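Written below as structure tokens is the structure these notes are about.
As the structure lists them, so they are numbered: ligands from 1, and atoms in each ligand from 1. Residues take their numbers from the sequence shown, with the count starting at 1. Just so it is clear, the model here is predicted, and its values are computed rather than measured.
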Amino acid sequence: MTGTVNEFEMAQRQFDHVAKLLNLDPQIAEVLRWPMREYTFRIPVRMDDGSLRVFQGFRVQHNDARGPNKGGIRFHPAETLDMVRALATWMTWKCAVADIPLGGSKGGVIVDPATLSTTEKERLCRGWVQNMWKNIGPRQDVPAPDVGTTPQMMGWMMDEYSKLVGQYTPGVITGKPLGGGGSLGRTEATGYGVIYTVREAMKHLKMDSKKTVAAMQGFGNVTRYAAIGFIEMLGGKVACVSCWDRHDKCAYTYSKDGGIDPHFLLTITDEYGTIDKAKASKAGYTVEDGDAWIAKEADVLMPGALSGQINADNVKKISKRVKIVAEGANGPTTPEADEYFKKNGIFDIPDFLCNAGGVTCSYFESVQNDMNFYWTKEEVLEKLDTKMTQAFHAVLEMSEKEKVYMRDAAYMVAIDRVVRAMQLRGWV
Ligand code: NAD
């Protein structure tokens with residue numbers, strides 16, 4: 001839960017709103033309002049100093065009518081069951097809107113991975129799989145990296161699963177390292193996917209992308225590639241990115257000429273997306289309060305860190321210049337902020353459309369694992385662009401046809417596809 005926002009209540013409120021618009025049968029709606037299965041478990045881990053720590057783990061499987069469940073595993077100190085429920089629900093809508101044959105799930109552990117040594121992290125990852133291996137698998141539920149987890153961790157998890165089932169099973173998990181069953185392009189996929197949707201939104205709004213400025217929250221896997229893509233694919237400028245320095249303080253950085261250099265910042269950023277403040281300052285970057293990103297003079301705002309970040313308390317700080325909000329993170333906008341966007345004509349690219357590039361590329365990874373034949377990075381990114389562009393236009397078309405907000409349109413496209421799959425399978 002972030003502040004006073006309960007993400008699962010938010011996910012249910014968004015769903016209820018669209019279920020009403022769709023005139024959805026209340027009995028079918030009841031199936032979709034809640035996850036189908038939830039697992040909570042304790043993971044004892046032997047620490048390097050010989051002591052034992054017990055971590056709380058979660059896995060929530062929301063709906064697998066369209067195919068095996070799919071969703072990341074987050075390692076975060078503020079993880080909650082409701083957070084995981086919300087994210088699992090959004091995964092169902094995300095896979096449906098991207099039109100990939102997968103359902104929705106999410107997992108997590110309450111932990112700050114930066115406080116663990118490499119061997120402790122490995123034991124925690126293996127412990128997570130020891131709890132869940134009977135309920136995951138290439139045809140059941142396929143995890144992936146997310147906040148606080150890395151390709152190396154996915155490699156350990158895949159290895160543990162393969163040992164437990166007695167056969168090499170790369171398809172149990174995606175986001176694996178290259179050479180260990182991973183796909184080229186996966187690292188960039190979510191951030192670049194965000195940019196493909198922003199590019200289409202700019203065409204729709206008749207904006208000249210070369211004259212645009214973006215302000216972003218986060219500098220992790222999503223935002224760093226979104227920043228690179230915004231500059232290199234669209235020709236725009238990125239005024240700022242922000243991060244969390246692990247002391248509950250957020251750093252915000254931008255260079256004197258108004259544009260950050262993501263390639264430089266990456267050289268001073270750790271594996272968790274924390275920029276080295278001292279080195280950034282020395283290089284001429286200004287470090288501000290972490291929330292300053294939201295009030296920047298920008299055409300595009302990109303919340304790419306956590307949920308609930310644009311809310312009733314801060315939405316009015318958004319500059320009048322902002323035309324597009326591209327939701328790189330999951331659930332970054334609260335319903336109150338949505339109302340503000342609607343009133344002020346801000347074009348929202350909703351999370352489960354905007355950041356669907358990651359899961360789409362994960363799906364490509366599974367397909368390549370099944371074929372045991374791997375595509376080039378260019379092939380992967382070209383296929384990704386095609387899928388993201390099609391998804392964007394399916395939602396835009398629905399939004400224009402039904403005269404509804406983009407988030408509602410994305411829900412309408414997704415719910416319709418999931419309900420049809422449930423009906424085809426005779427569930428409802
Ligand atoms: P990450 O762990 O790589 O990076 C997170 C970034 O957010 C870091 O830079 C961190 O410093 C920053 N951050 C954390 N707390 C913050 C705070 N309070 N204020 C400002 N910055 C803060 O995570 P990621 O993979 O980039 O994921 C970011 C978001 O995107 C999450 O909501 C995640 O669920 C979503 N997402 C990720 C993927 C993916 O493929 N990685 C796909 C879809 C959605």
Side-chain angles (χ1 to χ4, degrees), residues 2-3 7 70-79 83-84 86-88 90-91 93-95 97-98 104 106-108 112-114 143-151 153-154 174-175 183 185-194 197 215-227 240-253 262 265-266 268-277 287-294 302-310 314 326-333 350-363 365 384 388:
T2 310
E7 286 80 5
K70 183 90 195 82
I73 302 174
R74 297 157 35 99
F75 282 5
H76 196 277
E79 196 63 303
M83 183 73 208
V84 182
L87 292 166
W90 285 322
M91 282 306 293
W93 312 138
K94 190 180 298 189
C95 293
V97 98
K106 205 67 157 194
D112 179 354
D146 205 299
V147 173
T149 50
T150 61
M153 295 181 187
M154 299 304 112
T174 59
S183 172
R186 175 63 187 88
T187 322
E188 299 88 350
T190 310
Y192 282 6
V194 168
T197 64
M216 306 186 176
Q217 187 189 39
F219 197 57
N221 182 257
V222 175
T223 311
R224 64 184 60 167
Y225 292 107
C240 71
V241 291
S242 62
C243 67
W244 177 46
D245 70 3
R246 304 211 159 259
H247 300 289
D248 238 2
K249 268 171 88 188
C250 301
Y252 163 85
T253 55
L265 287 178
L266 275 174
I268 58 166
T269 301
D270 72 12
E271 63 177 310
Y272 303 106
T274 305
I275 298 166
D276 185 317
K277 241 187 247 186
V287 181
E288 291 183 70
D289 179 79
D291 292 333
W293 71 282
I294 201 167
M302 229 179 261
L306 301 172
S307 60
Q309 297 298 298
I310 309 182
N314 64 12
E327 299 182 350
N330 289 313
T333 305
D351 49 4
F352 63 87
L353 165 64
C354 192
N355 66 34
V359 73
T360 302
C361 195
S362 286
Y363 164 61
E365 184 177 326
L384 180 69
M388 293 300 293

Return a yes/no value for [X]: is any of its N or O atoms, backbone included, closer than 3.5 angstrom to an N or O of ligand 1?
| X | value |
| --- | --- |
| Val147 | no |
| Asn330 | yes |
| Asn221 | yes |
| Asp146 | yes |
| Leu87 | no |
| Gly273 | yes |

With atoms numbered from 1 as shown, which atoms in ligand 1 lie under 4.0 angstrom from a non-hydrogen atom of [X]?
| X | answer |
| --- | --- |
| Gly328 | 30 (O), 35 (C), 44 (C) |
| Gly148 | 2 (O) |
| Leu306 | 15 (N), 16 (C), 17 (C), 18 (N) |
| Arg186 | 40 (O) |
| Gln217 | 19 (N), 20 (C) |

*What part of Val222 sits under 4.0 Å from ligand 1 if we count only heavy atoms: the side chain, the backbone, both or neither?*
both

What I want to check is whether the side chains of [X] and [Y] have a donor and an acceptor closer together than 3.5 Å.
| X | Y | value |
| --- | --- | --- |
| Ser362 | Arg186 | yes |
| Glu327 | Thr333 | yes |
| Thr174 | Lys70 | yes |
| Asp291 | Asn314 | no |

*For atom 39 (C) of ligand 1, which of Thr190, Thr174, Thr269 has the closest heavy atom?*
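Going through Thr190, Thr174, Thr269 one by one, Thr190 has the nearest heavy atom to atom 39 (C) of ligand 1.
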
_Could you work out, for atom 8 (C) of ligand 1, the closest of Tyr272, Trp244, Tyr225, Trp90 by heavy-atom distance?_
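Minimum heavy-atom distance to atom 8 (C) of ligand 1 goes to Tyr272.
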
*Decide side chain to side chain donor-acceptor pair (under 3.5 Å) for Thr223 and Gln217; before the verdict, give the C-alpha distance in whole Å, the side-chain angles of both, and the deciding distance to 0.1 Å.*
CA-CA 7 Å; Thr223 311; Gln217 187 189 39; over 6 Å; no

*asked:* Taking only non-hydrogen atoms of Lys94, do any sit less than 4.0 angstrom from ligand 1?
replied: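 Within the 4.0 Å threshold, so yes.
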
*Strictly under 4.0 Å, does any heavy atom of Gly304 approach an atom of ligand 1?*
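True for this residue.
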
*Ion pair check, Arg74 and Glu79, cut-off under 4.0 Å*: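 The answer is yes: the pair qualifies as a salt bridge.
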
*Between Asp146 and Lys106, is there a salt bridge with N-O shorter than 4.0 Å?*
yes

Would you indicate whether the side-chain heavy atoms of [Y] and [X] approach each other to under 4.5 Å?
| X | Y | answer |
| --- | --- | --- |
| Arg224 | Pro262 | no |
| Phe352 | Met91 | no |
| Phe219 | Leu265 | yes |

